[in-house]
Amino acid sequence: MTPVATLHAVILYNPRAGRGRGERVAVGIQAMLAQAGSRAMLLETRHEPPEASAARLRAALEGIDLLIVAGGDGTLHYALPAVVGSGVPVYHVAMGTENLFARQFRMDARPQTLERAINAWRVLDVDVGSLELAGEGAEPSPVLRPFVLMCSIGPDAGVIRRLDAARRGPITHFSYVRPIAMEILTPSLPRLTIEADGKRLVDNLPGMAVIANSRQYAMRIDPARNASMTDGLLDVVFFPASHGLRLAAWVVRSRLGRHIIPPLVYATARSVRVTRDVAAGPPAYQIDGECGRHTFPQ
């Protein structure tokens, strides 16, 4: 147990989070901890190469008791390369649109909740997945990216890609309306082949695949509602669909918790391999709710 009076923390904050309130919230948390006798250093997210941000945060975490992430799930994803293997516990001050990691562990944006969590000091080890992108873009070798929530390929990633291309600042749930409508009309439905622990689950079928480490998902759709972040397994969900309306029907069923029926595929595995029909061009994919080719938190 680390008493709050002797705590050494880093507060990583996204200045754009919470409609531009990220820095103000981080400073408030720093003042609260200082009043209790703790030391907390502020660290702002930057638009820089992922390797640079990981090195900068990794250096800041040396000798630290706690990393406090003030932002959305994208800010947490930004921190993952430095956090994984560091042994430093993480608390998520939820300031994004969905805040799936915080929802999983009943964290929120209130300083009082953070203070209670520090005083209780219950630390839980969680699984982290690793996404290998074979030959992404001009990369001559596979690209490895950690994820803690989920990654997916297909229309949900298409929505995120459309939103990422159009956004100019902080977003709300309303920001998703137009990208969702456009994706229903012209969906990204790649033909996928999926293998889980060497067993073929899907053979060249159009649809959407979700590889989940957490049961939490945007708008509480929760396609992998049986997923656990501590079982050492990934939950694999494949929604077969040849058009946008069919996919929309699956989304409605998921929201109601009535989707785990054939021909939907649901399985668990330690290793998942997804390949696509290359003739269709590069599909959209997302990782922890971030656009696949986007490297900075929004």
Side-chain angles (χ1 to χ4, degrees), residues 1-19 21-45 54 57-58 60-129 146-150 212-218 220 222 227-232 288-289 297:
M1 178 176 178
T2 300
V4 66
T6 62
L7 184 77
H8 293 178
V10 168
I11 304 171
L12 176 70
Y13 70 94
N14 181 352
R16 298 174 61 172
R19 300 185 183 182
R21 296 184 300 111
E23 183 174 8
R24 187 162 72 248
V25 169
V27 169
I29 292 171
Q30 183 186 43
M32 179 196 75
L33 294 175
Q35 190 173 20
S38 297
R39 290 189 297 169
M41 179 181 73
L42 296 179
L43 195 67
E44 181 181 341
T45 59
L57 181 54
R58 196 175 292 120
L61 292 179
E62 288 291 331
I64 292 299
D65 301 309
L66 176 66
L67 172 63
I68 300 168
V69 175
D73 290 312
T75 310
L76 183 70
H77 181 74
Y78 174 96
L80 275 186
V83 171
V84 173
S86 71
V88 177
V90 176
Y91 185 94
H92 183 194
V93 176
M95 299 187 65
T97 307
E98 288 289 343
N99 306 302
L100 302 180
F101 186 85
R103 184 192 301 170
Q104 177 74 40
F105 299 108
R106 298 181 181 177
M107 301 169 181
D108 57 40
R110 294 177 295 177
Q112 302 92 324
T113 309
L114 170 60
E115 187 175 23
R116 286 196 299 269
I118 292 173
N119 286 326
W121 201 256
R122 292 191 296 269
V123 178
L124 176 69
D125 290 333
V126 300
D127 302 329
V128 176
F147 65 94
V148 72
L149 296 168
M150 93 298 280
N213 186 41
S214 167
R215 70 184 300 272
Q216 305 295 341
Y217 203 82
R220 297 191 181 274
D222 302 343
S228 166
M229 297 182 75
T230 59
D231 64 356
D288 283 346

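These numbers come from the heavy atoms of this one structure, side chains and all, not from hydrogens, waters or symmetry mates. Computed from a predicted structure; not experimentally measured.
- The backbone N or O of Asn213 lies less than 3.5 Å from no partner atom in the side chain of Asp127, so there is not a single donor-acceptor pair.
- Between Phe101 and Val148, the closest side-chain pair of non-hydrogen atoms falls below 4.5 Å.
- In terms of modelled atom types and a separation under 3.5 Å, the side chain of Asp288 and the main chain of Met150 share a donor-acceptor contact.
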message: Test salt bridge (charged side-chain N to carboxylate O under 4.0 Å, His left out) on Asp222 and Arg220; report intermediate values, then the result.
response: CA-CA 5 Å; Asp222 302 343; Arg220 297 191 181 274; 5.4 Å; no
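- In terms of heavy atoms, Ala60 sits closest to Val10 at O-CG2, 3.5 Å.
- Residues Ala9 and Ile68 approach most closely at CB-CD1, 4.3 Å, considering heavy atoms.
- Although no hydrogens or angles enter the test, the distance criterion places no donor-acceptor pair under 3.5 Å between the side chain of Arg24 and the main chain of Arg21.
- Smallest separation of non-hydrogen atoms from Pro89 and Asp65: CD-O, 3.1 Å.
- Once rounded to the nearest 0.5 Å, the distance linking OH of Tyr78 with CG of Leu57 reads 7.5 Å.
- Within the model, atoms CG of Asp125 and OG1 of Thr230 stand 10.0 Å from one another, a figure rounded to the nearest 0.5 Å.
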message: Let's go through Val25 and Tyr13 carefully: what are the C-alpha distance in whole Å and the side-chain angles of both, what is the deciding distance for side chain to side chain contact (heavy atoms under 4.5 Å, CB included) to 0.1 Å, and is it a yes or a no?
response: CA-CA 9 Å; Val25 169; Tyr13 70 94; over 6 Å; no
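- Two residues are said to be in side-chain contact when any heavy atoms from C-beta on lie closer than 4.5 Å; Ile118 and Leu33 meet this criterion.
- Under the 3.5 Å distance criterion, the side-chain polar atoms of Asp73 are matched with a main-chain donor or acceptor of Leu100.
- With Asn99 contributing its side chain and Gly96 its backbone, the two residues share a donor-acceptor pair below 3.5 Å.
- Legend: residues meeting salt bridge (Lys or Arg N to Asp or Glu O under 4.0 Å) with Asp231, ordered by chain and number and at least two apart, are absent.
- For the pairing with Tyr91, the side chain to side chain contact (heavy atoms under 4.5 Å, CB included) check across Ile29, Leu114, Val69, Leu67 returns one residue only, Leu114.
- Closest non-hydrogen pair, Ile11 versus Ala40, comes out as CD1-CB, 3.9 Å.
- Between Glu115 and Met32 there is a side-chain heavy-atom pair separated by less than 4.5 Å.
- Here the OG atom belonging to Ser214 is positioned 7.5 Å from the CZ atom belonging to Phe105, to the nearest 0.5 angstrom.
- The backbone N or O of Pro81 sits less than 3.5 Å from a side-chain atom of Arg58, completing a donor-acceptor pair.
- Nearest heavy-atom pair, Asp108 versus Thr113, reported as atom, atom and distance to 0.1 Å: OD1-OG1, 2.9 Å.
- Other residues, nucleotides and ligands contribute more than 12 heavy atoms inside 6.0 Å of the CD atom of Gln104.
- Atom-to-atom distance recorded for Met229:CE and Leu149:CG is 5.5 Å, nearest 0.5 angstrom.
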task: Please test Glu98 against Arg103 for salt bridge (charged side-chain N to carboxylate O under 4.0 Å, His left out), starting from the C-alpha separation and ending with a verdict.
output: CA-CA 8 Å; Glu98 288 289 343; Arg103 184 192 301 170; 2.9 Å; yes
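- Between Ala94 and Ala109, the closest heavy-atom pair is O-CB, 3.2 Å.
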